[in-house]
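Just so you know, these numbers use all the heavy atoms, side chains as well, and skip hydrogens, waters and symmetry mates. Along the sequence shown, the residues carry numbers beginning at 1. Just so you know, ligand 1 is whichever comes first in the structure, and atom 1 is the first atom listed for that ligand.
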Amino acid sequence: MSSARDYQTKPRPFELLLAQDEIARRIGELGQQITRDYQGRTPVLIGVLKGCVIFLADLMRAIKIPVEVEFISAESYRVGARQEEEIKLDRRFTNALRGRHVLIVEGVVDSGRTVITINQELAAVEPASVEVVTLIDKPASHRRKLDLKYVCFTLGNEFVIGFGLDNTQRYRNLPFIGRMLED
Ligand code: IMP
Ligand code: MG
């Protein structure tokens, strides 16, 4: 186990929010719940890069039934002066997912636009079911009604980093979740 103090940066622009043991305990619980819910099936976990990486690695080992793993890369970017961000997915889903039980594995659901875009793409290949698993949910930021079945932690509007989550591509390697401090 390492502490927030181990991270070698000065100044340290974050504070500890969720410790490693607390995260591990919640992922263990979610793994048990998914194991029960998908008994007798082989779900396909689709990790949404890059924020999913550490969460997915731990979650898949906490699930005690067979699973398959796929990845999709999602990037949001602003187009010109428009307020709305476009979500760009790096590939389209194939017919291999037709009739399968799919779990979308996210690091953080904020506005919900990424998850909604992935869901719309997935619908075209007619999976048997689609549910979302997320490490962090920020319900106050959702722009549309979302049905997230498996949530590790629910937060307010704070910006968090670590355990796969970044701030301008940094801090993904922190083994805990920290809250960015105002500068
Ligand atoms: P969405 O708004 O639900 O589509 O999420 C868009 C993306 O915003 C996420 O995939 C993250 O990359 C990023 N994001 C939102 N909130 C946070 C946060 O607290 N920490 C790190 N990334 C975040
Ligand atoms: Mg990001």
Notebook entry, point to check: OG of Ser141 to CG of Asn157: how many Å apart, nearest 0.5 Å?
Noted result: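 It is 4.0 Å, given to the nearest 0.5 Å.
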Notebook entry, point to check: Salt bridge or not for Glu29 and Arg25, using N-O below 4.0 Å?
Noted result: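 Salt bridge: yes.
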Next item on the list: Provide the protein N, O or S atoms situated under 2.8 Å from the Mg ion (ligand 2); waters are not included.
Entry: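 Near the Mg ion (ligand 2), the protein supplies Asp166 OD1.
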Next item on the list: At a heavy-atom distance under 4.0 Å, which protein residues reach ligand 1? Sort them by chain and number, would you?
Entry: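 For ligand 1, the contacting residues are Val108, Val109, Asp110, Ser111, Gly112, Arg113, Thr114, Lys138, Glu158, Phe159, Val160, Asp166.
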Side chains of residues 39-56: which donor-acceptor pairs under 3.5 Å do they make with residues two or more places apart or in other chains?
{"unit_1": "Gln39", "atom_1": "NE2", "unit_2": "Thr35", "atom_2": "O", "d": "3.0"}
{"unit_1": "Lys50", "atom_1": "NZ", "unit_2": "Gln169", "atom_2": "OE1", "d": "3.0"}

Notebook entry, point to check: Is any side-chain heavy atom of Ile65 less than 4.5 Å from a side-chain heavy atom of Tyr38?
Noted result: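 They are in side-chain contact.
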Item checked: Pairwise side-chain contact, Asp137 with His142, heavy-atom cut-off 4.5 Å (strictly under) ->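 Yes; the side chains approach each other to less than 4.5 Å.
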Next item on the list: Kindly assign one of parallel, tilted or perpendicular to the pair Phe176 and Phe14, based on the angle between their ring planes and the thresholds 30° and 60°.
Entry: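 Answer is tilted, since the angle falls between 30° and 60°.
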Margin query: Going by salt bridge (charged side-chain N to carboxylate O under 4.0 Å, His left out), name the pairs with one or both residues in residues 62-72, residues two or more places apart or in two chains.
Written below: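 Listed once each, the pairs are Glu68-Arg100, Glu70-Arg91.
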Note to self: Any donor-acceptor pair under 3.5 Å linking the side-chain atoms of Arg170 with those of Asn167?
What the structure shows: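 Arg170 and Asn167 do not have a side-chain donor-acceptor pair below 3.5 Å.
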Next item on the list: Indicate, with yes or no, if Val125 and Val102 share a hydrophobic cluster defined by side-chain heavy-atom contacts under 4.5 Å among Ile, Leu, Val, Met, Phe, Trp and Tyr.
Entry: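 Yes, one cluster joins them.
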